[in-house]
Amino acid sequence: MVDQIITVIQQFGYGYFFLLIIIGANFTPIPDPLFIMLAGNHATLSTFHPLIAFLLTYSAMMLSLYVKFLFARWFRKQTIKALSQSRFQKKRYEIENLITSYGSFGIMLSFFLPGMRHVMPLFLGTTKMPHLNYITTTFSFGLVWTFAFFLWGLKLMMPLHLKPFLNSLFCLLPSVLEA
């Protein structure tokens, strides 16, 4: 199983890092930090240079957030209507409080609060925040945030040289689930 995953990663090359974040951050319920740490961990494969892998991971994360910002700018009325729904009310009030209380620092804090990272660009897009302000604020804080999780995955997650152990674990898993 692990050999198959590594083969797929090597077939996609560096594009894997970009696709992992774009697809993982936008279309799965799994938290973004896990995908970033996974990208950091996979950057330890001998076929990849960690700096290039990080730059692709970072650019995919920032592109994902910037597209949400642009969507909110272009479809302001629809986004405001969507953010007014009851399931987003609490997050919207939290974002408003963060920005009024802390300004740009509140945007940085949104990276570390679950779910806020994806709602913040929508909110900032509806407020017509200037593009340059959004890019400088979000991309600089995003650089620190992405680098921290990527480095964590690069250094602290389970290294891929434990492949034999993982293969035996995946072989045992079906028998454990059946019991």
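Here the options are Asn26, Thr146, Ile36, the test is side chain to side chain contact (heavy atoms under 4.5 Å, CB included), and the partner is Ile21; only Ile36 passes.
At a threshold of 4.5 Å between side-chain heavy atoms, the hydrophobic network of Ile, Leu, Val, Met, Phe, Trp and Tyr places Val144 and Phe139 in two separate groups.
No side-chain heavy atom of Met62 sits less than 4.5 Å from a side-chain heavy atom of Ile135.
Tyr66 places no side-chain N or O within donor-acceptor distance of the main-chain N or O of Tyr134, the cut-off being under 3.5 Å. In this structure, Thr136 contributes its side chain and Asn133 its backbone to a donor-acceptor pair below 3.5 Å. Remark: side-chain polar atoms of Ser64 are not paired, donor with acceptor, to backbone N or O of Ala60 under 3.5 angstrom.
If you take CZ on Phe149 and CG on Leu38, they are separated by 14.0 Å, rounding to the nearest 0.5 Å. The distance from the CG atom of Leu20 to the CZ atom of Phe18 is 11.5 Å, given to the nearest 0.5 Å.
Relative orientation of the Tyr16 and His42 rings is tilted, given thresholds of 30° and 60° on the angle between their planes.
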Would you tabulate the side-chain donor-acceptor contacts of residues 116-128 under 3.5 Å, counting partners in other chains and residues two or more places apart, or write 'none'?
{"residue": "Arg117", "atom": "NE", "partner": "Asp32", "partner atom": "OD2", "Å": "3.1"}
{"residue": "Arg117", "atom": "NH1", "partner": "Phe111", "partner atom": "O", "Å": "2.6"}
{"residue": "His118", "atom": "ND1", "partner": "Lys68", "partner atom": "NZ", "Å": "2.4"}
{"residue": "His118", "atom": "NE2", "partner": "Asp32", "partner atom": "OD2", "Å": "2.6"}
{"residue": "Thr126", "atom": "OG1", "partner": "Phe123", "partner atom": "O", "Å": "2.7"}
{"residue": "Thr127", "atom": "OG1", "partner": "Leu124", "partner atom": "O", "Å": "2.8"}

Throw together a table of side-chain donor-acceptor distances under 3.5 angstrom for residues 98-107, partners on residues two or more places apart or in other chains.
{"residue": "Thr100", "atom": "OG1", "partner": "Glu96", "partner atom": "O", "Å": "2.9"}
{"residue": "Thr100", "atom": "OG1", "partner": "Asn97", "partner atom": "O", "Å": "3.2"}
{"residue": "Ser101", "atom": "OG", "partner": "Asn97", "partner atom": "O", "Å": "2.8"}

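Annotation: Tyr14 is not in aromatic contact with His49 [ring centroid separation under 6.0 Å not met].
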Original post:
How far apart are the C-alpha atoms of Phe17 and Phe48, what are their side-chain angles, what is the distance that settles it, and do they pass the ring pair (Phe, Tyr, Trp, His ring centres under 6.0 Å) test?
Top reply: CA-CA 10 Å; Phe17 296 98; Phe48 299 116; 4.9 Å; yes

